[in-house]
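Just follow the structure's listing: the first ligand is 1, and inside any ligand the first atom is 1. Count residues from 1 along the sequence. Hydrogens, waters and symmetry mates are skipped; everything else that's a heavy atom, side chains included, is used.
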Amino acid sequence: MTTLFDRYEVQRRKLLMDRSAPGRVGTTLPPNDVPEAEMPPSDMLRQDLDLPEVSESEIVRYFSQLSQLNFSIDHNFYPLGSCTMKYNPKLNDEMASIPGFTEIHPLQPDHTVQGALKLLFELQTYLAEITGMAGTSLTPMAGADGELAGMLMARAFHTANGDLQRKNVLIPDSAHGTNPATAVMAGFQVVSLPSDANGDTDLDALRSSVGDDLAGLMITLPSTLGLFDSNIVEVVKIVHDAGGIVYGDGANLNALLGRVKMGDLGFDVMHSNLHKTFTQPHGGGGPGTGPIMVGERMQPFLPTPQVVRRHDSDGNETFALETPEKTIGRMGAFHGNFGALLRAYAYISTLGDVGIAQVSDDAVINANYIMSELKGYYDLPYDRTCMHEVVFSARNLKRDYGVSALDVAKRLIDYGIHPPTMYFPLIVDEALMIEPTETESKETLDYFIEVMRTIAQEAKDSPELLHDAPHDTPNTRVDEARAARRPYLSWRRED
Ligand SMILES: *Cc1c(COP(=O)(O)O)cnc(C)c1O
């Protein structure tokens, strides 16, 4: 028997076309105040075009209900490792919506946009200060775009020195997939570097991989295992002694802010994701930004434009755009993703130096709290203090009860939590990469821990419950390969 609740569910999940009723209209057009024009010839008009005919209230409900099916950080806990789904203060959005910023154009003369240029200049300075570097380019549009800029600069650097034989870029086997991809796009050959039993860079393997053909090393710090590489000082030295450039993937700087500067460690180029560490909202393909920060010897190669400060004859500050001497060129049409840069500026200014250091305090303690509370329930491949994220393995559940990391992740959805990153880094079997971020309360972390323990127990008692999860969503387990390869992007009439 269908209950009222069933009928509610059916109603709620109806597609817009299925809510259509012939002749129903949701709009009232104002009287025509322009001359009537001829319609195009009838053979150019589509007679059979299906359009939904719905009332205004129906369409408002449809889109509101649809929006509630989205999961976001504003709904609940989102521990997606390496993606840093921290809460983004609404103040930053407000700052980015000030008309004085939204209504300017990148081609306006410099003297009419001095405030915007000053802000970009100060953000360049903040990011260089936070990372211990000499210069910044705000123009790359994403983390991967920053990597590409950095690797093109490495190539320009070696070319300027006449070192054309330097073709190899070393990349640890725990690296984010964008690292090898951008190295290849910049014309290099990738050589994979193993991790040692502790999850650090294997120094012997590194020593035997460097030579005259070394262009550089790309390394993520903390690594994607959520670990601070205890060999990092030695790693940088070996690469520098061999004439290579050290590139730092600082997509996730939450663990280091206010404590460790990549510049002090000797890194030559790095990027950071403003849409992770510096709270630009992201996910769903939204706008990102991946500025690069560089040491002195790389500065002449920075992308154009740079924002520079000058002083006029009366000693007043002015700001202008400049092209670095040996620039690799442009990474985008204008000066970067200005809205995202504004949010990062607001975020950094709100926190100040004390707040910035508290970010890393809280991010690291939160991840270690989860690690210590879930140890014993899930396998922990690298059992040592972690940084801002912790990588567990569900291989114990797989071995004992046939329950995979995917099953655990899908079951979390039933408890209102977004799944963590799964099956990454690739060197951990059945990986569950959990990043709580610094913005979560202890109560939220405790709830998550309780849920994860419950799921481990469910794996033992009723594994089929996990194989079929999620149960509490409009669609249960979907065939993800088919959904990605054969997506239905529009409504289709059922024949
Ligand atoms: C997210 C991420 C990237 C890539 O950043 P995009 O903005 O998605 O291009 C690179 N490295 C690491 C470690 C990341 O987490």
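- In this structure, His275 and His282 have perpendicular ring planes: the angle between them is above 60°, well past the 30° mark.
- By the side chain to side chain contact (heavy atoms under 4.5 Å, CB included) test, Pro324 is found to be paired with Leu302, Thr304, Gln306, Thr327, residues two or more places apart in sequence or in another chain being considered.
- A donor-acceptor distance shorter than 3.5 angstrom exists from the side chain of Arg477 to the backbone of Ala469, with no hydrogens or angles considered.
- Contact shell of ligand 1 (protein heavy atoms, cutoff 4.0 Å): Ser82, Ala142, Gly143, Ala144, Glu147, His176, Thr178, Thr220, Asp249, Ala251, Asn252, Asn273, His275, Lys276.
- Checked by atom type and distance alone, the side chain of Asn198 never pairs as donor or acceptor with a backbone atom of Asp200 at under 3.5 Å.
- Among residue pairs with one or both ends in residues 142-152, those qualifying as side-chain hydrogen bond (donor to acceptor under 3.5 Å, both in side chains) are Glu147-Thr178, Glu147-Asn179, Glu147-Thr182; sequence neighbours excluded.
- Residue pairs that meet the salt bridge (charged side-chain N to carboxylate O under 4.0 Å, His left out) test with at least one member in residues 247-275, sequence neighbours left out, are Glu129-Lys261, Arg259-Asp361, Asp268-Arg297.
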